[in-house]
Amino acid sequence: MLTLRNITWHADPHGPAVLRDVSFTARPGELAVVIGPNGAGKSTLLKLIAGDHPVRSGSVLWGGSDLQRLPPLGTARWRAVLDQRNRIGFGFTVREVVMMGRYPHFTVRPSALDEHAVECALERMGLHRLARRDINTLSGGEQQRTHIARALAQIDGPAAAPGLLLLDEPLNDLDVKHQHALLAHLRAFAQDGHVVVAVLHDVNLAAQYAHRVLLLAKGRVLADGPAPDVLIPAALAAAYGLQAHVAMHPFLSVPFVHFAPDGLSNEPLPTVTPDHALIP
Amino acid sequence: MSRAQRLILVLSAVVLAVLVLVAMGAGAVRVPPGAFLSVLTGGAGHDPQQEAVVLVIRLPRVLLSLLAGAALAVGGAAMQAVFRNPLADPSIIGVSSGAGMMAAFAIVLTASLSSLIGAWAATLSVPLFAFGGALLATTGVFAIARTGSRTNVAAMLLAGIAVTALTSAFTGLLTYSASDTQLRSLIFWMLGSLGGADRVGLLVLLAAVPLPLAYILRQHRALNALALGEAQARHLGMRPDRVKRGVVIATAVMTGATVALCGVIGFVGLVVPHVFRLAGGADNRYLLPASAIGGAALLCAADTLARTLLVPAELPIGVITALCGAPVFLYLLLRQKRTLHLA
């Protein structure tokens, strides 16, 4: 179980707090999604859990022990991180990049288990046909899927303890189909007993896939809980500064949020006549 | 490692073995491969002159070229990985320029030193000073780029440029004040030569090269992970600061010793890793051993040419490495420039 207790964090000691008194718990079996406007502190929160920033005030606990005091190599066997920006110098192949996820598990040569984990991750991200390609010759979405596969491979295997998967905007550059495929997989992966925390921008995808949504704004927790409890007009309006209307998803029993600029009246927008010449 | 990468490694090793046999055979006294193997195994298929030439002259020189080539090429591959920059080579941490300055210092002062400390010590003073200069320059670069326990790679790159500029200025000053004879040995040193190869030199490189080389080869995972960036390398359980420090020190020791003994042999550290990267990919698990074999082969071939092309004169080896390697490099570059990605 991942527990954050009263985290306050300043980027520089005299500047404003990026996070203020944030407490949050993610249990094994849960896909937790962090949403909020730019600059809300979502990435900082993830970086604190990932060990990129030192925790100065408050604590980050993993099953009762201080996460930042655990040995880095051992931790890398069950904690994987997907950064918001992923660029790799030099022309590594897709397979070589995914294999990097297995580095914590072997010292000189990969075992059969490592090879298997890489194959599974490639298959899962639909990359097996691109496995031998130079990653820098692929499209942005394909590169992103490669880095996701690397993170998935890192905590694959018959680990007794639950894994911790942290993803900062994993949907960047992915098309709609791959967005849904990834979130469905992350949800299933969490249900296998792992903790998954993902930062997303799409409120409706969060509503559809997350077990739990954390709404951050200006470094504070505005709401935390199941999507229907968090995605309420007042909280969304406060976070994003937009009018929010919450309806039901047409296919699923989850909320579906419509945003509109503040101050827009309820009058219907002028209807646009479709150009029939373009739609045969 | 993919099958193609394994194949490249095996083929390079075969080429290297052939080049060693050629190097052993070529020169004033011909030693055919059979005679050479008979010398090594203590057989009867050779005459005493061949044995003397092989054991006293050629074997130390060829082994020296292999060690020096492997050190320079692996040092280049390692620096490219640490700096995440395909244009890096060992000189980026000040090794060559530091060694050059101190070698110039020793050469220019030899005239006054030899009367004071004896000719024997004076001949040793150039490599000793050069090695000291290499380590000193690298230490300087490190000290400038360091904040706490972290070393900033960008700061290190710039510090390397600054240290190189400074030491080059001193080298220029010493060159300007050198006599004609000093100037000649200075220039010869700057262009590189394995002419000074003897058993002592070989022992020095045997002490300075294999251990750092083995250490760097073992760091292939960490050096790969660094290509993702330091934060991501840390997420993969690596310790980027420790690896960077270890690899830079190992590179400074082995290339510093090489430069001290053989002078500045440019181009090997930059081009050998490039050629193998274009041929088989960037994975350091393959690239580092391939660079070791390729660097050894290139220097072995270049030295054979250097000492046989203009007999009895000897060409500077740095000129040969540049003359042979640059066209190959250009060819690869022109063929692949559309798909080439610099960091």
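Throughout, protein chains are lettered first and strands after them, A, B, ... in sequence-line order, and every chain is numbered starting at 1. For clarity, every value in this text was computed on a predicted model and none was experimentally measured.
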_Under 4.5 Å from any heavy atom of chain B, what part of A/Arg95 do you find: side chain, backbone, both or neither?_
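No part of it gets close to chain B.
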
*Pick one of side chain, backbone, both or neither for A/His147, based on which atoms fall under 4.5 Å of a heavy atom in chain B.*
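Only the side chain of A/His147 comes within 4.5 Å of chain B.
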
*asked:* If I measure from the heavy atoms of chain A, does B/Met1 come under 4.5 Å with its side chain, its backbone, both, or neither?
replied: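 Looking at B/Met1, nothing touches chain A.
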
*Where does B/Gln5 contact chain A at under 4.5 Å (heavy atoms): side chain, backbone, both or neither?*
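The answer is the side chain of B/Gln5.
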
_chain B interface, residue from A/Leu82, A/Thr93, A/Asp83 that has the most non-hydrogen pairs under 4.5 Å_ =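 Most heavy-atom pairs under 4.5 Å with chain B: A/Asp83.
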
*Would you mind telling me which of A/Leu73, A/Thr75, A/Leu166 has the largest number of heavy-atom pairs within less than 4.5 Å of chain B?*
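Counting heavy-atom pairs under 4.5 Å, the top option is A/Leu73.
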
Is a side-chain donor-acceptor pair under 3.5 Å present for [Y] with [X]?
X: A/Asn86; Y: B/Gln232; answer: yes
X: A/Arg79; Y: A/Gln154; answer: no
X: A/Glu142; Y: A/Ser139; answer: yes
X: A/His105; Y: A/Arg77; answer: no

*Looking only at atom types and distance, does a side-chain atom of B/Arg221 sit under 3.5 Å from a main-chain N or O of A/Tyr103, one as donor and one as acceptor?*
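Answer holds: yes.
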
*NE2 (A/His116) with more than 12 external heavy atoms under 6.0 Å*: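 For A/His116, atom NE2 is not crowded (no more than 12 foreign heavy atoms under 6.0 Å).
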
*Would you mind telling me which of B/Met238, B/Arg277, B/Arg239 has the largest number of heavy-atom pairs within less than 4.5 Å of chain A?*
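Of B/Met238, B/Arg277, B/Arg239, B/Arg277 has the most heavy-atom pairs under 4.5 Å with chain A.
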
